Amino acid sequence: MARERYLVGVSKEELEYTPPPPPPSTFKEKWENFWYHYKWPAIVGVLVAVIVVVVIAQMAAKTRPDYTVCLVTQQELSLAATGRLEAEFAKVAKDRNEDGEVVVNIQVLNVSAEAGAQYATANRQAVTAHIVARDVLLFAFDPEYYTNILEPVMDKGVSFFVPLALDKKGISEDGTYWNWKESPLLKEADMQAMDVWPAVPTELYFGIRNVSLDSEKDTEEHQAHIALLQSFIAAHAE
């Protein structure tokens with residue numbers, strides 16, 4: 001009686017055993033079964049793979065610079081001036097990564113409050129990040145930033161820059177940086193171009209970061225940048 005009570009309203013056909021459908025056997029059936037169950041995961045996986053390939057291709061195609069020069073300024077530089085500076089550094093630089101091309105990358109970080117609070121703050125943080133990471137050795141600082149921000153945090157008797165061993169006009173009293181304010185380079189058309197941003201700063205302190213040299217590679221890197229800046233100063237100082 002209990003069984004009949006539970007089966008009230010259930011047809012005889014519903015009680016008959018229906019075997020499961022056979023698994024797909026042909027390629028078409030297998031593909032249709034896979035696509036039905038895994039369509040969206042497959043689409044997402046393909047998109048991720050495409051993005052990874054594109055990023056890797058872009059990184060492989062991107063020219064790796066032989067040197068990076070960080071300019072910390074109170075204004076922007078024109079595209080013409082930035083390009084001219086990169087070219088002038090490249091003239092006296094070496095192909096350090098031996099890829100057949102000499103590339104010097106100029107990074108301009110405008111730390112002026114007039115550039116906008118968020119923009120200036122981000123650039124100041126970028127300067128700090130370079131200093132902490134030690135991934136940039138050749139800097140050019142706006143005099144106000146160098147005097148008011150960098151010098152006060154240096155230990156007594158320790159300079160942010162290393163001695164340059166040069167006797168040229170514009171070299172600082174302690175011999176660690178070069179102020180380009182009287183360089184003939186500043187008077188040239190590309191350096192005074194007003195295409196997008198103002199012309200170049202009238203004063204910048206160029207120097208090589210004073211860091212501990214913990215390995216032969218560190219020493220070679222440091223010496224290469226010192227040689228680059230010495231050659232650049234020799235070419236453009238009076």
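Just so it is clear, the structure is predicted and the values come from calculations on it, not from any experiment.
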Looking at [Y], is its backbone amide N or carbonyl O close enough to the side chain of [X] to form a donor-acceptor pair, meaning the two atoms are under 3.5 Å apart?
| X | Y | result |
| --- | --- | --- |
| D66 | V103 | yes |
| W180 | A140 | no |
| E182 | K169 | no |
| D95 | E98 | yes |
| S215 | D218 | yes |
| R134 | S212 | yes |

Would you list the atom pairs, donor with acceptor, under 3.5 Å between side chains in residues 231-238 and any protein atom, with sequence neighbours excluded?
| unit_1 | atom_1 | unit_2 | atom_2 | d |
| --- | --- | --- | --- | --- |
| S231 | OG | A227 | O | 3.0 |
| H236 | NE2 | E88 | OE1 | 3.0 |

What's the spacing between [X] [atom1] and [Y] [atom2] if we round to 0.5 Å?
| X | Y | atom1 | atom2 | result |
| --- | --- | --- | --- | --- |
| S78 | D190 | OG | CG | 8.0 Å |
| L71 | N110 | CG | CG | 11.0 Å |
| L185 | Q192 | CG | CD | 9.5 Å |
| T219 | D214 | OG1 | CG | 8.5 Å |
| I208 | E221 | CD1 | CD | 10.5 Å |

Note to self: Less than 4.5 Å apart, side chain to side chain, heavy atoms only: is that true for F206 and F139?
What the structure shows: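 They are not in side-chain contact.
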Item checked: Polar side chain donor-acceptor pair, T176 to D174, under 3.5 angstrom -> yes
Margin query: By the definition ring pair (Phe, Tyr, Trp, His ring centres under 6.0 Å), identify the one residue from Y145, Y146, F141 that meets it with Y205.
Written below: Y146
Check: For F161, is the NZ or CZ atom of R209 found under 6.0 angstrom from the centre of its six-membered ring and inside 45 degrees of the ring axis?
Finding: no
Check: Which residues pass the side chain to side chain donor-acceptor pair (under 3.5 Å) test with E220, sequence neighbours left out?
Finding: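 Testing E220 for side chain to side chain donor-acceptor pair (under 3.5 Å), a comparison that skips the adjacent residues, returns none.
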Note to self: Can you list, by chain and residue number, the hydrophobic cluster partners of V132 when the side-chain cut-off is 4.5 Å?
What the structure shows: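 Its cluster partners, ordered by chain and number, are none at all.
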